[in-house]
Amino acid sequence: METVPKPSRDNTESTSSSTNINFEGVSSTSFTFTITVTDTKDSASQNLSISIVNQNEAPVFTKKAYALSVDEGVAGTTLADPSYLFQDEDNGDTHKFSMTCASNVGYFSIAPTTGFISLTTNIDVDAAGSATSFICTVVVSDGSFTDSASLTITVNNINDNTPRFSNNLFTYYLDINYPLNSVFGSTIATDADTGPFGNFIYSIDQTALGTETFGIQANGDLYLKNSLTSYGYGSSISFIVQATDTGSLQGTATVFIVIPQTTTTTTTTTERPITFWEYPANPAWVIIAGLLGLIIMVLPCYMCYKNGFSCTWRGRPGDYHEKLQEPSESQCASEHDIGEPKTEDLDKDDYSKGTVNAVLNLKDQYQFKCCGFIKAWEIFVSKDSTTGRNVKAQVWYQEDAGNDWTLRGENTIQVTNVKKINVEDISGTRIRPLLGDYIGFYEFEGSVITYKDNNKNGQYKATTFTSDETTFDWDTVAVGDERGHAIHATVTPSISPTFTNLDDTVAISNNEVAGTVVFTLATSDSDPEDAGLLTVATSTGSALNFFELDLITLEVKIRSGVSLVPGDHLLEFTVRDPCLKSSTNILTIRVENDPPVITSLATSSSTTISEDSKLETLLHTLIVTDKQPTNCSLVSTGVPFVIKRISGSTNYGIFLSTGAALDYGKQNAYVLDLSCTDNYDDTTGIYTVYLLQNEPPSINGLPRATDIQEDVFVETTLYTFSVTDPENTAVTCSVTAIIPNTNIIFMKPSTNFNEFDIILQSNPSLRYDLVRTYRIDIQCSDGRRSDSNVFFMNVLRNKPTVFSNLQNITSVSSIATYIGQKVFDVDISDPENDQVEFSMFCVPSTNCPFEIYHSGEIVLKRTIEGEFIPAYDLYVHVSDGKSKTGPRSLTVHVLDINYVPVIKNLPLPSALVVSENSALGLSIFQVSIQDNDGADTHTYTMTSSPSDGVLYFDINSANGLVSTSTSSNINYEGVSATYFTFTITVTDTKDSASKNLSISIANQNEAPVFTKRAYALSVDEGVAGTTLADPSYLYQDEDNGDTHKFSMTCASNVGYFSIAPATGFISLATDIDVDATGSATSFTCTVTVSDGSFTDSVSLTITVNNINDNTPRFSNNLFTYYLDINYPLNSVFGSTVATDADTGDFGTETFGIQANGDLYLKTSLTSYGYGSSTSFIVQATDTGSLQGTAKVLIVIPQTTTTTTTTTDRPITFWEYSANPAWVIVAGILGSIIMVLPCYMCYKNRCSCTWRGRPGDYRDRIQEPAENSNTHYNNTRSYWKAWKWYEQQ
């Protein structure tokens, strides 16, 4: 505060009462004042010089609160510039800063000269118990004075810790068939950071594996995504698991997977009812029965075999039948001879003497019994031959009876050994005889082969060929039956053909087209004669729906019009030679599904979008190649993305979901696991969506300051600034704080995009002496991030207005004046040429007849005719909105004054008291006046406040006598107010005088009165203290606020009831039981109300109601009766007695038995049995539904008692229900198996034939009729297996 020299006591000048003196703010520090004194006629002036002395003033923070933030870090880190805002009126002062932070000592230090803050110790907010906010006090000092401001320091949590796994290596042992999508282990990572930076995402780096075999869940659990079969037993693999926090710091660990050499199968058993086979004894019995049956069936055959016997079908007697054969008997199983086995035995005759040169042997021994190749011929040559001759050994067959015979083949035998056995080994093309073919020969060079008569056991045909015949009608040739021919052939088996490239498995894609050759069969046969004669066939099966065999090229092709189904398709191929020798092999065609290929991810696997994105947006078009229909879906869950088909396209797209809430600060990237499937194979992929962090808007042109006059009063645009947003987003700006706090400054959008006006409102009432600088904190946001800056408004001091013609004196006549009459014109000057306002007050101030316009004109605002005040001192102020100058005086003398009457005895020192109900027309006060104009006539009038006071009081207009009204009574409780102010006016026809008369109306006490004279209440009988219902008394008392008390008397019925004095409520003073003998039920009382002085009384009748307050009671709680089991029906066997203490209807009880409580038997007791007991409840219920109960126990005495004890034991085999049935069935089957063979042998007189030892020569078992030779005609007994049929 600046000072001036203290004036002397006789000085009339003083410092301004409204404007402070500021050494730094005044236009000059030395002023010369011209002081003028006047006596209304003359004046004198002298100069007064005043020098303003500068005083040291304290520095002042214009902003009292500051905030800084710093990232957690190491000691020595300097925080941002605090930008302290403080003022010091003393230019040139040196300032120093200091700081205290309460109990948080040692964390921060302040630079004394600059005020910059630094960390004095390491701060880690992730440590337990670490504070993140510190409140300090910053002090600025100029060496003498100080000021302080609060400083809040926030320590930011930053991402300064990398996620760490609990182990560097995780090892797991997995079976090669471990189920897909099953969790097999967990990796645990932690991040020492707190807050958002403590969150992290797990991922896997499987680049080294070349395939996505494994997956990881959000909680770190590992699961199997694709089969391990491609790695093989005993192998091991490894991959990297990663934990990446939201600040992109990443920790890693290695996961080592071992696939053991063996597999482990875990079987889970679910409880269910036991089956037959699960019962332990049953399988054993079934096995034993099966073994017994098998032994019975096999043993006879084994015995026959061991003893060299065989069994032969003989058919019906007399029939000709061939030996039964298996289908395989048409194929030669081993090398053997067909024909006369001992050709030398037939060395007798030949056909040299006849014309026969062709013979067909029809005897059974010359018939081929299987298909094979003739390896060699053996013949015996005629004994008469002297030179060698050639003969053709032939094989003939007939397709069907009646047709010509066809030559199957022939070999020319060159005879060299006359009268000896000739053996011809076939080295060239061999003849392939089939089942049923016969041996013949053609002696084209002459008779060669010998024969011998066999006593009509020959069966042959002989004829003469003139040339080689390939077909011949042998049926036209007669059959001879006397000769056997010395020829036989050695037959060797055909060798089975084979596939040289089967069994085999071939893999093809399910995308192969129709007609594609999948496989070409290759066959091989060691028999050269089979070349070109092999046939290949396929078995039936589902594989033929997809594939077909070209029988010519042996190519396996894809059928047309089919869609290959992935999986293994088995084709069974059989290759046969003409002898039906065959080989069967399997071709497995493995149709492998070509999984979908997501080609688009190879060129574009990520994208970047703004975190501001909210609309559904197509981020990536998935291009998937697969001939099968594919479906794509998003595997990742809980992400704001979706995969769906693109509208109007068959492709799928990765879309940002509508309304997605993206936040770069929480998650700056999304790794999307996706999958495309063709219903056979899934192809997974990863698409990464990186978020582009929203860049905050930037405020242009700030900070800035502008100056404004303190007397501004119109709305003013202080500054227009623009905001630049990198995303060109419309931003919103607001004033977050104004220091010091005020609402005179606001902000609104300007006309251009992202421009804003800082506006000072109209009539802001700026005061330079109070606030010289305003700080406006501005924040602009694009909806996600913001920028802040400041704007300063400096207030410039206003220079006061100067009067030019005041102080001054003037006069005005009171005659013929009018409203608006100009009395004086005040002249002023303002340095800033501000708009000014004038104000003025009068002395005396009452009913001042003058007013001043803003133009400076002083005019009459009422007529002053009859004015009695001789002069007015008018004190004028002028204001330019900020500075107010004055007062400056103007003395106005009033001429031609009339004297006004004066009321002498008003106002009274205290109110005049008048009691309510005073007499009508009662005189209470006489008004006394004085008027210097003695001849004036006076008239009296009176008004009141409240206005209805004139209803109760009158004034005599001629003499001023005040009295009560002659027509309206005064009621204290009825008047609108009890205190009236009457304005009494006396006039002398020119002027008037008024004074107030106060009258207070005094209240008088009045008795309370019941408006209802009789009351009635009722109450149930009960205990003392029971309160009756509200009597609802109706009474009046004119005296508002009186306290009333109640009392009551009830004649002789004393002590039954009491009354609450304050409320009048009635209560029972004692227990009342109307069931008691002689109890009354009605009481008549008198109730009195009193206000302390006066009373009134009414009658009150109280009725006591009889209620059901007693429960029936039995004489005993238990009644016991012993009844014989044959007790007669409907006979009373006992009685129950109950009583009720209630009188009247409530004392009547009803039993659930006979009306008098007797008990009787309704139903026989035989169902209970001897020695038993039973009980039931008997009830007594009164008319008020109260119920008493007792228990009745009935005992039936016993006669005979038998006790049976059963002991639990394990169930035996025969007690298990299924076992006897199975044993019986097995026994029957066994009996049948044992008895049936014996019965069959008995019925058929079966015989066993000696077969010789293995390797011996064996004859075919024949019927006796089939063998005419003595060699075969023996007396063996033959087994006739079906003789039982012949004997029926």
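Since the model is a prediction, treat every value here as computed from it, not as a measurement.
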query: If only atom types and distance count, is the side chain of Ser813 paired as donor or acceptor with the main-chain N or O of Ile815 below 3.5 Å?
result: yes
- request: For the residue pair Ser45 and Thr34, confirm or rule out a side-chain donor-acceptor distance under 3.5 Å.
  value: no
message: Suppose the criterion is salt bridge (Lys or Arg N to Asp or Glu O under 4.0 Å): which pairs have a residue in residues 804-825, not counting sequence neighbours?
response: Lys822-Asp825, Lys822-Glu857
field: Check: Thr1103/Ser1018 side-chain N/O donor and acceptor closer than 3.5 Å
entry: no
- request: Could you tell me whether the side chain of Glu715 and the main chain of Ser762 form a donor-acceptor pair under 3.5 Å?
  value: no
query: At what distance, to the nearest 0.5 angstrom, does CG of Leu920 lie from OH of Tyr952?
result: 12.5 Å
- request: Decide side chain to side chain contact (heavy atoms under 4.5 Å, CB included) for Ile858 and Met840; before the verdict, give the C-alpha distance in whole Å, the side-chain angles of both, and the deciding distance to 0.1 Å.
  value: CA-CA 9 Å; Ile858 299 176; Met840 182 182 72; 4.2 Å; yes
field: Smallest separation among heavy atoms of Asp1037 and Glu1006, with atom names
entry: OD1-O, 3.1 Å
query: Side chains of Arg862 and Asn847: donor-acceptor distance under 3.5 Å anywhere?
result: yes
message: Is it the case that atom NZ in Lys995 sees more than 12 heavy atoms from other parts of the structure closer than 6.0 Å?
response: yes
- line: Residues Phe925 and Leu997: closest non-hydrogen pair is CD2-CD2, 4.0 Å
message: Is a donor from one side chain sitting under 3.5 angstrom from an acceptor on the other, for Ser889 and Asp873?
response: no
Distance-only polar pair, side chains of Asn969 and Asn917, donor-acceptor under 3.5 Å: yes
- prompt: Counting only N and O atoms by type, is there a donor-acceptor contact under 3.5 Å from the side chain of Ser1067 to the main-chain atoms of Gly1025?
  reply: no
- request: Nearest 0.5 Å please: distance from the CG atom of Leu874 over to the OG1 atom of Thr810.
  value: 9.5 Å
message: Parallel, tilted or perpendicular, judged at 30° and 60°: which one describes the rings of Phe1083 and Tyr1056?
response: tilted
message: Could you report the tightest heavy-atom contact between Lys1012 and Val1098, atom names first, then the distance?
response: O-CG1, 3.4 Å
query: Knowing that exactly one of Ile924, Asp954, Ile999 qualifies, which makes a side chain to side chain contact (heavy atoms under 4.5 Å, CB included) with Thr964?
result: Ile924
query: For the side chain of Gln926 and the backbone of Asn959, is there at least one donor-acceptor N/O pair under 3.5 Å apart?
result: yes
- prompt: Mind checking whether Tyr1033 and Tyr1015 have parallel, tilted or perpendicular rings, split at 30° and 60°?
  reply: perpendicular
- prompt: Going by the disulfide (SG to SG under 2.5 Å) test, which pairs reach into residues 816-858, not counting sequence neighbours?
  reply: Cys842-Cys848
task: Mind running side chain to side chain contact (heavy atoms under 4.5 Å, CB included) on Leu718 and Ile759 for me, showing each step along the way?
output: CA-CA 5 Å; Leu718 301 177; Ile759 299 174; over 6 Å; no
- prompt: Can we say Asp769 and Arg797 salt-bridge, meaning some charged N sits less than 4.0 Å from an Asp/Glu carboxylate O?
  reply: yes
query: Rounded to the nearest 0.5 Å, how far does CD of Glu851 lie from OH of Tyr853?
result: 5.0 Å
Donor-acceptor pairs are to be reported for all side-chain atoms of residues 974-982 against protein atoms at under 3.5 Å, with residues two or more places apart or in another chain.
unit_1: Ser976; atom_1: OG; unit_2: Asp948; atom_2: OD1; d: 2.9
unit_1: Ser976; atom_1: OG; unit_2: Asp948; atom_2: OD2; d: 2.6
unit_1: Tyr979; atom_1: OH; unit_2: Ser998; atom_2: OG; d: 3.2

Distance-only donor-acceptor check, side chains Gln87 and Thr773, under 3.5 Å: yes
query: Any luck finding a side-chain donor-acceptor pair between Ser1097 and Thr1088 under 3.5 Å?
result: yes
- prompt: Roughly how far, to the nearest 0.5 Å, is OG1 of Thr1026 from CD1 of Ile1066?
  reply: 13.5 Å
field: Between Thr32 and Asn47, a side-chain donor and acceptor under 3.5 Å
entry: no
task: Test side chain to side chain contact (heavy atoms under 4.5 Å, CB included) on His877 and Phe838 and set out the steps.
output: CA-CA 6 Å; His877 288 88; Phe838 290 92; over 6 Å; no
message: I'd like to know whether CD of Gln1004 has more than 12 heavy-atom contacts from other residues, nucleotides or ligands below 6.0 angstrom.
response: yes
message: Just checking His893 against Tyr872, ring centres under 6.0 Å apart?
response: no
statement: Interatomic distance, SG@Cys1085 vs CD1@Ile1102, rounded to 0.5 Å, equals 4.5 Å
- request: Could you tell me whether the side chain of Ser968 and the main chain of Ser965 form a donor-acceptor pair under 3.5 Å?
  value: no
Main-chain N/O of Glu865 paired to Thr863 side chain as donor or acceptor, under 3.5 Å: yes
- request: Look at the side chain of Asn905 and the backbone N and O of Ser928, then say whether any donor-acceptor pair between them is shorter than 3.5 Å.
  value: yes
query: How long is the span from the CD1 atom in Ile1059 to the SG atom in Cys1050, to the nearest 0.5 Å?
result: 9.0 Å
Residue pair Phe1010, Gln1036: steps toward the side chain to side chain contact (heavy atoms under 4.5 Å, CB included) verdict: CA-CA 6 Å; Phe1010 279 104; Gln1036 293 179 343; over 6 Å; no
- prompt: Using 4.0 Å as the upper bound for N to carboxylate O, is an ion pair formed by Lys1045 and Asp1091?
  reply: no
